[in-house]
K.L.:
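There's a structure below that I have some questions on.
Keep in mind that the numbers below use all heavy atoms, side chains included, and drop hydrogens, waters and symmetry copies. Bear in mind that the values here come from a model prediction, so they are computed numbers and not experimental data.
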Amino acid sequence: MRSAQDGRTAIITGASSGLGRGLAIALAREGWNVGLVARREEALREVASRVEAEGARASVAPADVGDRVQLREAVTKVEAELGPISLAIANAGWGEVTDPRALDSGRVEQMFRVNFFGMLHLFEPVIPGMIERGQGHLVGVSSLAGIRGLPTAGAYSASKAAMTAFLEAIRGDLRGAGVKVTPILPGYVKTPMTANRTHPMPFLMEEDDAIRLMMRAIRQERRYFAFPWPLNFLLKVGKRLPPVVWDRLAGRARRGRG
């Protein structure tokens, strides 16, 4: 394990459970001090104890990622306690079934506020410092669901597609500024978010395996990383299918979920 006293500071949203918790601990093992952001302070303090057990420092910054002011205050707190942020991971996410027959635009808006705007609320206060220092890394945890609209997941798919498109755009915009950008698109992973789902989850991965792959992508500063490859391949093929074929397959999948 590298020493965490070299000034390397990361911040991660959605750090109280699931992939966020696992990534925070994995970052600590690799010598990162970690700012932990989520709504549940008690759960964050448990993660902080795990980070500190790895020899790193932790800063607990409870905040709702959907609130721009709270995220700015969280970033200020983390940098005051741990130093300038050089790695920002927008990991917080939320998803639920979207039924167009009973469409609730308020729920869709909330999903975008957490998934998409939560990412922007994190990146907005950290990008200027990264550019000034000529060094930084922005990571957005999107989803394979954003490759093509999935049945019963219209809002979630759309929010994740927006994340990926934004990340790919700013990757080019920040070229030459010393700031790297990595969109990460996981498939189905065994986390609290998927624990109660009853529909099929092809190529479901163990959380530890997903974290290992994500850490490798972060370490290598990959320009784009999607996994697992079989599901990524199938969705890329699906994106090329004519709409009439895709609609037929999606209809079957939707009926299977019901």
Side-chain angles (χ1 to χ4, degrees), residues 1-94 114-115 118-127 129-130 133 135-141 182 184 186 189-195 206-219:
M1 181 187 71
R2 292 183 53 180
S3 169
Q5 305 305 314
D6 58 4
R8 297 201 306 169
T9 298
I11 186 170
I12 181 166
T13 61
S16 59
S17 65
L19 292 175
R21 178 183 184 277
L23 286 170
I25 296 167
L27 286 167
R29 289 193 186 115
E30 297 202 2
W32 289 89
N33 298 314
V34 189
L36 306 168
V37 180
R39 290 178 298 175
R40 297 179 296 155
E41 183 172 357
E42 184 177 347
L44 287 180
R45 294 203 176 279
E46 185 276 329
V47 180
S49 68
R50 292 292 306 275
V51 167
E52 292 164 354
E54 298 293 340
R57 295 163 59 208
S59 173
V60 173
D64 180 348
V65 298
D67 188 312
R68 182 185 184 194
V69 173
Q70 288 187 29
L71 254 292
R72 183 172 291 276
E73 291 174 349
V75 167
T76 299
K77 181 178 189 292
V78 169
E79 293 198 318
E81 294 179 356
L82 302 180
I85 292 167
S86 54
L87 171 62
I89 304 176
N91 167 76
W94 169 54
V114 172
N115 297 347
M119 176 180 70
L120 302 191
H121 294 160
L122 174 65
F123 290 171
E124 181 183 14
V126 302
I127 288 175
M130 290 181 174
R133 294 186 296 274
Q135 185 273 332
H137 190 186
L138 305 172
V139 178
V141 181
T182 301
I184 297 181
V189 181
K190 289 183 181 179
T191 66
M193 185 173 171
T194 59
E206 295 293 336
E207 185 177 301
D208 288 347
D209 293 332
I211 290 167
R212 176 177 52 80
L213 292 174
M214 294 169 76
M215 284 298 299
R216 186 173 67 187
I218 293 168
R219 195 182 307 116

K.L.:
Determine whether M130 and L138 satisfy the following criterion, side chain to side chain contact (heavy atoms under 4.5 Å, CB included), listing intermediate values before the conclusion.
P.N.:
CA-CA 10 Å; M130 290 181 174; L138 305 172; 3.7 Å; yes

K.L.:
What I'd like to find out is whether the side chain of V65 reaches to under 4.5 Å of the side chain of N115, using heavy atoms alone.
P.N.:
no

K.L.:
What heavy-atom pair brings I85 and E79 nearest, and what distance separates the two atoms?
P.N.:
N-OE2, 2.9 Å

K.L.:
Salt bridge (charged side-chain N to carboxylate O under 4.0 Å, His left out) with E52: which residues, sequence neighbours excluded?
P.N.:
none

K.L.:
Is a side-chain donor or acceptor of N33 paired with a backbone partner of R57 at a separation under 3.5 angstrom?
P.N.:
yes

K.L.:
State, yes or no, whether a side-chain contact exists between V34 and L23 at a heavy-atom distance under 4.5 Å.
P.N.:
no

K.L.:
Would you name the heavy atoms of A15 and V47 that are closest together and state the gap between them?
P.N.:
O-CG2, 3.4 Å

K.L.:
Does a side-chain heavy-atom distance below 4.5 Å link L19 with I211?
P.N.:
yes

K.L.:
Salt-bridged, K77 to E81, with N to O below 4.0 Å?
P.N.:
yes

K.L.:
Do L213 and R216 have side-chain heavy atoms sitting under 4.5 Å apart?
P.N.:
yes

K.L.:
Between E30 and R8, does any NZ, NE, NH1 or NH2 come within less than 4.0 Å of an OD or OE carboxylate oxygen?
P.N.:
no

K.L.:
Are S59 and L36 packed together at the side-chain level, in the sense that at least one heavy-atom pair is separated by less than 4.5 angstrom?
P.N.:
no

K.L.:
Indicate the atoms forming the closest heavy-atom contact of S16 with R40, along with that distance.
P.N.:
OG-NH2, 3.1 Å

K.L.:
Considering only heavy atoms from C-beta outward, does the side chain of R21 approach that of R50 to under 4.5 Å?
P.N.:
yes

K.L.:
Taking V126 as the fixed residue, which of L87, V78, L71, V75 is the one that meets the side chain to side chain contact (heavy atoms under 4.5 Å, CB included) rule?
P.N.:
V75

K.L.:
Within this structure, what is the CD-CD distance for the pair Q70 and E73, rounded to the nearest 0.5 Å?
P.N.:
7.0 Å

K.L.:
Which atom names give the shortest non-hydrogen contact between G140 and F123, and what distance separates them?
P.N.:
N-CZ, 4.4 Å

K.L.:
Starting at CD1 of I89, measure out to OG1 of T13 and round the result to the nearest 0.5 Å.
P.N.:
8.5 Å

K.L.:
When you measure from the side chain of T182 to the backbone of V139, do you find a donor-acceptor pair of N or O atoms at a distance under 3.5 Å?
P.N.:
no

K.L.:
Kindly state each residue pair satisfying salt bridge (charged side-chain N to carboxylate O under 4.0 Å, His left out) with at least one member in residues 58-68, sequence neighbours excluded.
P.N.:
R68-E124

K.L.:
Between V51 and A24, which heavy-atom pair has the shortest distance, and what is it?
P.N.:
CG2-O, 3.9 Å

K.L.:
Nearest heavy-atom pair of H137 and I218: which atoms, and what distance?
P.N.:
CE1-O, 3.3 Å

K.L.:
Roughly how far, to the nearest 0.5 Å, is the CG atom of L44 from the OG atom of S49?
P.N.:
11.0 Å

K.L.:
Measure from the side-chain N and O atoms of N91 to the backbone N and O of G14, and report whether any donor-acceptor pair falls under 3.5 Å.
P.N.:
yes

